[in-house]
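Down below is the structure, laid out as structure tokens.
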Number of protein chains: 2
Amino acid sequence: MLPSSTVENYLKAIYVGETQLANGQKLVPMGQLASVLGIAPGTATTMVKALAESGLAVYEPYNGVRLTSAGEKLAARVLRRHRLMELFLVQVMGMRWDEVHDDAEQLEHVVSDRLVERIDEMLGHPEADPHGDPIPTAEGKLAERPLDTLLTCPLHTPVTVARVTDQDAAFLRFIESHHLKPGQTIEVEARDEVSDAVRLKGRDDARMTIGARAASKLLVKAS
Amino acid sequence: MLPSSTVENYLKAIYVGETQLANGQKLVPMGQLASVLGIAPGTATTMVKALAESGLAVYEPYNGVRLTSAGEKLAARVLRRHRLMELFLVQVMGMRWDEVHDDAEQLEHVVSDRLVERIDEMLGHPEADPHGDPIPTAEGKLAERPLDTLLTCPLHTPVTVARVTDQDAAFLRFIESHHLKPGQTIEVEARDEVSDAVRLKGRDDARMTIGARAASKLLVKAS
DNA sequence: GAACCGATTTTGATTAATCAAAATTAAATC
DNA sequence: GATTTAATTTTGATTAATCAAAATCGGTTC
Ligand SMILES: [Mn+2]
Ligand SMILES: [Mn+2]
Ligand SMILES: [Mn+2]
Ligand SMILES: [Mn+2]
């Protein structure tokens, strides 16, 4: 049986959820799963039991869910298709990085292996999508590097934006207009707990202040 | 309510079915619909009633079904997406004309208007897909020209292949290897009722004989 | 240890899409 | 006009995916 779009979305959500768990944690809670998929909690429970039944996940009642290696394999392929499609839409089709997520969310379920591999080739086997999210290999390996956020990186030190972990179009447009896209270099000048703000020095020494919540969505590496 | 993939497939099948009806006929029979969609006849009846209920089709029990103008509008858009995607996959992605139909069958349900119109632009507003099938306009107009087949065109007269009405991969590869693709010029030298065969003069005066069934799938225009 | 609370699971129901097989109808044949 | 046949419709059932609301659980609080 080939997995339905619904099953693929569940697997992808669990897969991504697992990578975001606090170290030591290994189970994605039902509530989180239901919330990212936009479904009722009871529905998540029912579906996850079915996933477990078909050998794609391990379900621990009241604790959460994780993928088996079979489930991981499938999830990685969906995520690969999603991220390759996003990059393709930006690089080849000339779409904006803030509008490709929704298209990819659908395309990830229907593009054939043939087409995906042709896209991968056309793009030169890229390692990351337009938002800096790593693209799993055809074999299902995902290279998740540990990265600082603008809340944890060193002060007064040039860093390169590596990844933006929010698909909201308005947020992405804000990032772009302030020259904070992946690849661009910036510096954190100050953090203030009380005002919940982070002050940055950007391109051309432009100064700007953003909230801590927003700052936590910008992942950076030493540059 | 936006139509499901299932509904889109029904609408497309009825729409294409209508264009293939003998002149005068206006209803697509349930049996034909069920057969092209690969479903049980009873399922077609049930679904068509639902389409009629939602104002997309007119259903006459025991006689068949036709689309309302609302249904036609939707069907034309699905067909437009299908045929544009096929051409895109061939021209931009370098896929073969015999392998794009299945991909397009899925993609037609998920590509956004944004993406379709970008593809249309990228291809220069093409009028036909790789098989010569006309592409409906964004406004839903379909330019179906009346064409001869190799069974009805004049003998000993150069004609240009305009359209191949069979998506079977093996058949399409045969057509291609014998230089009978849309755009290529040929001549019918003879038809024989008894042997059910048609003799052609192709490129470089190559002679070949094909069956009447196959000949009826090659549509041509005077050249 | 009892009471509470938030998260989770269960229950009962709905909708879309499908099938197999029985029943019916329309049209053709005798 | 009665009979046969092929197409169509009806019936009864199934599967996947979902929800709302009630019930339950596990882990704090008091
Ligand atoms: Mn999706
Ligand atoms: Mn992305
Ligand atoms: Mn389709
Ligand atoms: Mn075609």
Side-chain angles (χ1 to χ4, degrees), chain A residues 1-14 17 20-22 24-66 71 74-75 78 105-106 108-110, chain B residues 1-14 17 20-22 24-66 71 74-75 78 105-106 108-110:
Chain A
M1 318 290 134
L2 89 168
S4 65
S5 293
T6 301
V7 166
E8 289 190 337
N9 283 334
Y10 276 84
L11 294 175
K12 183 160 64 92
I14 298 168
Q20 292 167 347
L21 289 173
Q25 294 288 91
K26 37 185 60 165
L27 293 176
V28 178
M30 291 300 123
Q32 172 182 326
L33 189 56
S35 133
V36 332
L37 291 172
I39 59 182
T43 306
T45 299
T46 307
M47 267 301 295
V48 162
K49 280 194 212 168
L51 292 180
E53 199 58 42
S54 48
L56 298 174
V58 176
Y59 169 54
E60 293 185 16
Y62 295 101
N63 286 319
V65 61
R66 64 185 168 83
L74 283 173
V78 179
E105 198 60 51
Q106 299 305 125
E108 67 187 0
H109 307 295
V110 306
Chain B
M1 315 294 133
L2 89 167
S4 65
S5 295
T6 301
V7 166
E8 290 190 334
N9 284 332
Y10 276 85
L11 294 175
K12 182 161 63 93
I14 298 168
Q20 293 167 347
L21 289 173
Q25 294 287 93
K26 37 185 60 163
L27 293 175
V28 178
M30 290 300 122
Q32 173 183 325
L33 189 57
S35 134
V36 333
L37 291 172
I39 59 181
T43 306
T45 298
T46 308
M47 268 301 296
V48 162
K49 280 194 213 168
L51 293 180
E53 199 58 42
S54 48
L56 298 174
V58 176
Y59 169 54
E60 294 185 15
Y62 294 101
N63 286 318
V65 62
R66 65 184 167 83
L74 282 174
V78 179
E105 199 59 52
Q106 299 305 124
E108 65 186 2
H109 307 295
V110 305

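Both backbone and side-chain heavy atoms feed into the values below; hydrogens, waters and symmetry mates do not. So you know, we letter chains A, B, ... as the sequences are listed, proteins then strands, and number each from 1. In this text, all values refer to a predicted model and were calculated from it rather than measured experimentally.
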Item to complete: Report the C-alpha distance between A/N9 and A/E105 in whole Å, list the side-chain angles of each, state the deciding distance to 0.1 Å, and finish with yes or no for side chain to side chain contact (heavy atoms under 4.5 Å, CB included).
Response: CA-CA 9 Å; A/N9 283 334; A/E105 198 60 51; 3.4 Å; yes
Whole-Å distance, A/L27 CG to C/dT8 P, equals 11 Å
Please tell me if the side chains of A/L51 and A/I14 come closer than 4.5 Å, counting only heavy atoms from C-beta onward. yes
In terms of heavy-atom contacts, A/A34 and A/P41 come closest through CB-CA, 3.8 Å
Separation of D/dC25 atom C1' from A/E60 atom CD, nearest Å, is 16 Å
Whole-Å distance, A/K49 NZ to C/dT10 C1', equals 7 Å
Q.
Is the shortest side-chain heavy-atom distance between B/M30 and B/V65 below 4.5 Å?
A. yes
task: Taking only Lys NZ, Arg NE, NH1 and NH2, and the carboxylate oxygens of Asp or Glu, determine whether B/E60 and B/K26 approach each other closer than 4.0 Å.
output: no
When rounded to whole Å, the CG to P distance for the pair A/L37 and C/dT8 reads 14 Å
Separation of D/dG26 atom C1' from A/M30 atom CE, nearest Å, is 16 Å
In whole angstroms, the gap separating P of C/dC5 from OH of A/Y62 amounts to 19 Å
Any side-chain heavy-atom pair from B/V78 and B/L11 closer than 4.5 angstrom? no
Whole-Å distance, A/N63 CG to C/dA7 C1', equals 11 Å
Whether each nucleotide of nucleotides 12-23 of chain D has a protein heavy atom under 4.0 Å at its base (B), only at its sugar-phosphate (S) or at neither (-) is summarised, 5' to 3', as -----SSB----
